[in-house]
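In what follows, a structure is listed as structure tokens, so that the remarks can point back to it.
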Amino acid sequence: MNIKNQSWWNRTLQRWLGYGLVLIVLLPLLAACMGDDDDDEPTAPGAGTTPTEIVATPTEEEGATTETEAPSVETPTEAEPTAPEATEEATATEAEATPTQQTDVPTLTETEPAVPGDLPIDEQMSWLLAILNAEEAPTAEEVEPRMHPSFVAAITPADFAGQMAQLGQSGPWEFSGYFGEPVGLDGTAVITSNAGQLQVLVGLEVPEPHRFQTLLFVPYSEPGQSFESFEEFDSWLSNQAPQVSFQAAEITDGTCQPIYTHNADDPLAVASTFKLWVLLELAERVAAGELSWDDELPIADELKSLPSGTLQTEPAGSSIALSTYAAKMIVLSDNTATDHLMDFLGREIIEERMAETGNAAMDRNMPLLYTQELFYLKLVASAAQREEYIAADDAGQREILNNLTIDFTQADPNALNTPIAVDTIEWFASAATLCQLQTELYVAAQSDETLHAIMAASTGANLDSETWPFVAFKGGNEAGVASGAWLLEHADGRLFSVTVALNNPDAGVDPNQLRTIIVGVAALLADAT
């Protein structure tokens with residue numbers, strides 16, 4: 001498979017979808033949520049405001065930093081971006097045509113950094129807080145060395161400096177911590193002022209000087225919904241989507257022991273949450289001594305996908321460690337990272353790994369789609385072509401995929417806002433299967449510090465770290481789909497899994513409800529004996 005018209009694809013990536021990957025400073029929303037009155041509380045964005053599925057998101061996203069997966073507003077955690085309208089200031093330039101420059105980045109003059117730690121993300125967050133809290137507004141010359149070319153393609157240094165100056169007026173801002181433990185280049189920070197709190201999703205380029213590629217500010221507030229019992233939670237959950245699969249379980253001796261379920265064995269679309277299987281296969285190969293996390297894999301143009309993520313802006317041939325691919329796949333729900341790992345590990349091998357974890361929907365998961373293949377089938381292929389793919393048997397579908405020429409020039413960005421074939425062209429799992437997958441990952445992570453760190457890099461919500469010292473999250477989100485999988489280790493040593501998939505083939509699903517789910521359910525689990 002190959003990508004046609006690469007230069008057009010690069011420009012479209014930045015103009016059409018770049019807002020989900022480069023910079024979204026929601027100043028009108030911030031003004032509404034964070035006025036001058038100190039009593040104002042920030043409100044979480046509602047359904048229909050998500051720039052990615054990321055999220056995404058997520059990412060991801062994703063509750064907070066999800067896939068969503070691509071991500072939701074909170075997380076680009078997803079393999080599924082949402083396309084905002086392009087504006088005149090988002091001029092079409094090619095990040096690929098501009099080699100990564102070893103730019104001299106200004107250093108901080110403060111004796112004490114705003115963010116402790118020596119990771120690249122710590123240094124960049126310290127710099128960001130310094131310019132937000134500076135007496136004088138930042139200048140374009142001051143901020144430009146911190147901006148990756150793909151970042152500059154979406155917003156000029158002067159405009160970025162102006163937005164930071166405007167945001168700084170709601171300060172002073174203080175660092176309140178990360179959601180999870182960042183793995184060096186990517187993570188979600190929380191910053192606080194008298195006006196409220198913001199999540200700051202950060203994604204940095206791989207080589208030095210680690211400039212910003214993703215910078216997403218989102219008003220943050222705790223979910224207002226709480227639950228007195230699982231019965232009350234179930235009543236609420238049933239109204240979130242027409243198709244729901246949910247399970248809360250305690251993991252003992254490597255086995256999921258259900259505590260509360262709602263159609264837990266029903267396989268539903270899970271979007272980017274499927275990336276946990278890619279992570280498991282990679283971790284197992286490392287554990288077997290076949291691979292090392294330090295092994296490097298070059299970026300290939302033909303494996304670049306759409307956002308969420310940042311690796312699609314790296315020049316072809318750039319060698320990147322497998323650990324970095326994996327971390328970006330989980331923290332930013334990076335689709336290009338995912339497709340590179342799937343191609344490297346082998347599509348059929350990952351399918352076998354899915355089957356071994358008891359996935360009862362393998363007839364719908366085979367062939368296991370690369371993210372770029374899913375995008376093409378949903379955004380470019382005609383309805384007739386999609387129906388031809390859906391109607392084909394496994395061998396026929398593989399032949400169709402092998403003969404695809406990935407060309408996004410005819411893609412319809414409006415299609416991203418409407419559910420398309422979420423019950424046929426997707427990645428599928430039940431809540432119970434996701435628990436078993438998490439169990440295997442957790443067992444593997446006990447003897448692998450790198451895997452443990454990658455899993456703990458995203459939490460999906462702001463949970464009390466004293467009660468829950470270890471939280472691992474991966475979410476998924478596209479129009480009509482929101483999913484989340486959490487591992488929660490209690491301070492007393494108990495280990496829990498919370499997994500959910502929400503599907504609506506006819507309308508959108510609010511990914512922000514993932515955070516309500518995990519905060520509410522975690523409180524119920526903490527009280528359980």
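Values below: every heavy atom of this structure, side chains too, minus hydrogens, waters and symmetry copies.
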Can you tell if the side chain of [X] reaches within under 4.5 Å of the side chain of [Y], non-hydrogen atoms only?
X: Tyr325; Y: Thr338; answer: no
X: Trp173; Y: Leu128; answer: no
X: Leu311; Y: Glu314; answer: yes
X: Leu198; Y: Val190; answer: no
X: Leu322; Y: Leu297; answer: yes
X: Val509; Y: Gln240; answer: no
X: Leu279; Y: Leu341; answer: no
X: Lys378; Y: Val422; answer: yes

Can you measure from [atom1] ([X]) to [atom2] ([Y]) and round to the nearest 0.5 angstrom?
X: Ser333; Y: Lys275; atom1: OG; atom2: NZ; answer: 3.0 Å
X: Leu204; Y: Arg146; atom1: CG; atom2: CZ; answer: 10.0 Å
X: Asn512; Y: Ile517; atom1: CG; atom2: CD1; answer: 11.0 Å
X: Met125; Y: Leu119; atom1: CE; atom2: CG; answer: 13.0 Å
X: Gln372; Y: Asp343; atom1: CD; atom2: CG; answer: 9.0 Å
X: Phe160; Y: Met147; atom1: CZ; atom2: CE; answer: 6.0 Å

Do [X] and [Y] have side-chain atoms, one donor and one acceptor, less than 3.5 Å apart?
X: Lys474; Y: Ser458; result: no
X: Thr273; Y: Ser483; result: yes
X: Thr450; Y: Ser323; result: no
X: Gln225; Y: Thr516; result: no
X: Thr310; Y: Glu205; result: no

Quiz item: Residues in ring pair (Phe, Tyr, Trp, His ring centres under 6.0 Å) with Phe175, at least two apart?
Solution: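 Expected list: Tyr178.
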May I ask you to decide if [Y]'s main-chain N or O and [X]'s side chain share a donor-acceptor pair within less than 3.5 Å?
X: Ser193; Y: Ser170; answer: yes
X: Asn133; Y: Leu129; answer: yes
X: Glu426; Y: Ala271; answer: yes
X: Ser318; Y: Pro315; answer: yes
X: Trp486; Y: Thr499; answer: no
X: Asn477; Y: Ala482; answer: no
X: His340; Y: Thr336; answer: yes
X: Gln124; Y: His210; answer: yes
X: Asn503; Y: Ala269; answer: yes
X: Ser308; Y: Leu332; answer: yes

Self-check item: Residues Ser305, Gln312; criterion side-chain hydrogen bond (donor to acceptor under 3.5 Å, both in side chains); working and verdict
Solution: CA-CA 6 Å; Ser305 188; Gln312 70 278 357; over 6 Å; no
Exercise. Assess whether side chain to side chain contact (heavy atoms under 4.5 Å, CB included) is satisfied between Leu185 and Val331, documenting all intermediate values.
Key: CA-CA 10 Å; Leu185 299 173; Val331 180; over 6 Å; no
State, to 0.1 Å, how close [X] and [Y] come at their nearest heavy-atom pair, and which atoms those are.
X: Thr405; Y: Tyr376; answer: O-CE1, 3.6 Å
X: Ser292; Y: Val286; answer: C-CG2, 4.3 Å
X: Asn417; Y: Ala479; answer: C-CB, 3.9 Å
X: Glu142; Y: Pro138; answer: OE1-CA, 3.5 Å
X: Phe470; Y: Ala472; answer: CZ-CB, 3.9 Å
X: Ala321; Y: Asp294; answer: CB-O, 4.3 Å

Quiz item: Between Val183 and Ile330, does a side chain to side chain contact (heavy atoms under 4.5 Å, CB included) hold up when you go through it step by step?
Solution: CA-CA 11 Å; Val183 286; Ile330 299 303; over 6 Å; no
Self-check item: Partners passing salt bridge (charged side-chain N to carboxylate O under 4.0 Å, His left out) against Asp186 (at least two apart in sequence or in another chain)
Solution: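 So Asp186 forms a salt bridge (charged side-chain N to carboxylate O under 4.0 Å, His left out) with Lys328.
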Quiz item: side-chain hydrogen bond (donor to acceptor under 3.5 Å, both in side chains) between Ser176 and Thr192: does it pass, once the steps are laid out?
Solution: CA-CA 6 Å; Ser176 299; Thr192 305; 2.5 Å; yes
Quiz item: With a 6.0 Å cut-off on ring centres, are Phe179 and Tyr220 close enough?
Solution: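 When the ring centroids of Phe179 and Tyr220 are compared, they turn out to be within the sub-6.0 Å range.
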Practice problem: Report the C-alpha separation of Leu502 and Val481 in whole Å, then their side-chain angles, then the decisive distance to 0.1 Å, and conclude whether the side chain to side chain contact (heavy atoms under 4.5 Å, CB included) test is met. | Solution: CA-CA 6 Å; Leu502 306 174; Val481 179; over 6 Å; no
Quiz item: Can you check side chain to side chain contact (heavy atoms under 4.5 Å, CB included) on Thr371 and Trp427, steps first, answer last?
Solution: CA-CA 10 Å; Thr371 68; Trp427 304 281; 4.2 Å; yes
Self-check item: Heavy atoms of other groups near Glu174 CD, more than 12 under 6.0 Å
Solution: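 At most 12 heavy atoms, drawn from other residues, nucleotides or ligands, come within 6.0 Å of this atom.
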